[in-house]
Amino acid sequence: QVQLVESGGGFVQPGGSLRLSCVVSGFTLDYYAIAWFRQAPGKEREGVSCINSRATDTVYVNSVKGRFTISRDNAKNTVYLQMNSLKSEDTAVYYCAARSGYVCSILTAYKYWGQGTQVTVSS
């Protein structure tokens with residue numbers, strides 16, 4: 001069955017860095033766009049970043065531009081989210097999600113979801 005498993009979350013002080021990983025099983029990534037979403041308590045789920053199937057296009061929500069970088073290694077069925085210069089407002093559960101197709105969008109519905117990994121940014 002299709003499964004996405006996130007890892008790499010944790011506790012970090014403001015200005016610190018984390019790298020999230022999303023390992024996919026049940027299908028290969030060659031024809032799937034992958035996105036990272038996050039959800040903080042009391043807030044709606046927010047699209048953070050996405051990468052298209054061939055890693056030729058990426059999208060970032062404005063609040064993380066210049067700080068986060070999404071990448072993928074299709075041979076390893078893994079997508080990464082490098083998060084630098086973390087801020088307290090980045091605190092959330094981060095989810096990776098997949099959908100078939102070429103294009104990348106953080107406003108598009110995704111079919112497959114992981115369980116999430118907690119990122120806490122605090123002094």
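Here the structure is a predicted model, which is why all the values come from computation and not from measurement. The first residue in the sequence is number 1, and the count goes up from there.
Partners of Glu46 under the salt bridge (Lys or Arg N to Asp or Glu O under 4.0 Å) rule, at least two apart in sequence or in another chain, are Arg38. Residues meeting the salt bridge (Lys or Arg N to Asp or Glu O under 4.0 Å) test with Arg67, sequence neighbours left out: Asp90.
Phe27 places none of its side-chain heavy atoms less than 4.5 Å from the side chain of Ser100. Annotation: side chain of Ser53 is not in contact with side chain of Tyr32 (no heavy-atom distance under 4.5 Å). A heavy-atom distance below 4.5 Å is not found between the side chains of Val103 and Asp57. Residues Cys96 and Val79 fail the side-chain proximity criterion, which asks for heavy atoms closer than 4.5 Å. You'll find the side chain of Asn77 reaches within 4.5 Å of the side chain of Thr28, heavy atoms only. Using a 4.5 Å heavy-atom threshold, the side chains of Ser17 and Asn84 count as touching. Between Arg54 and Asn74 there is a side-chain heavy-atom pair separated by less than 4.5 Å.
Proximity of a side-chain donor or acceptor of Arg45 to a complementary backbone N or O of Tyr95 within less than 3.5 Å is not detected. A donor-acceptor pair under 3.5 Å is formed between the side chain of Glu6 and the backbone N or O of Gly116. With hydrogens and angles ignored, the 3.5 Å screen pairs no side-chain donor or acceptor of Arg72 with any backbone N or O of Ala33.
The aromatic rings of Phe68 and Tyr94 sit tilted, their planes meeting at an angle between 30° and 60°. Note: Tyr110 and Phe37 have perpendicular aromatic rings, judged against thresholds of 30 and 60 degrees for the angle between ring planes.
Sparse packing is recorded around OH of Tyr102, with 12 or fewer heavy atoms of other residues, nucleotides or ligands lying under 6.0 Å away. Applying the 6.0 Å contact sphere to CD of Glu89 captures more than 12 heavy atoms from other residues, nucleotides or ligands.
Note: Leu20 CG to Ser49 OG = 11.0 Å, rounded to the nearest 0.5 Å. Here OG1 of Thr78 is found 7.5 Å from CG of Leu29. Values are rounded to the nearest 0.5 Å. Gln3 contributes atom CD, which lies 10.0 Å from atom SG of Cys22 (distance to the nearest 0.5 angstrom). One distance of note links CH2 of Trp36 with CD1 of Ile51; it measures 12.0 Å at 0.5 Å rounding.
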#### Entry: side chain to side chain contact (heavy atoms under 4.5 Å, CB included) between Thr69 and Met83, worked out
CA-CA 7 Å; Thr69 302; Met83 305 186 296; over 6 Å; no
### Query
How far apart are the C-alpha atoms of Leu86 and Gln13, what are their side-chain angles, what is the distance that settles it, and do they pass the side chain to side chain contact (heavy atoms under 4.5 Å, CB included) test?
CA-CA 8 Å; Leu86 283 162; Gln13 295 185 1; over 6 Å; no
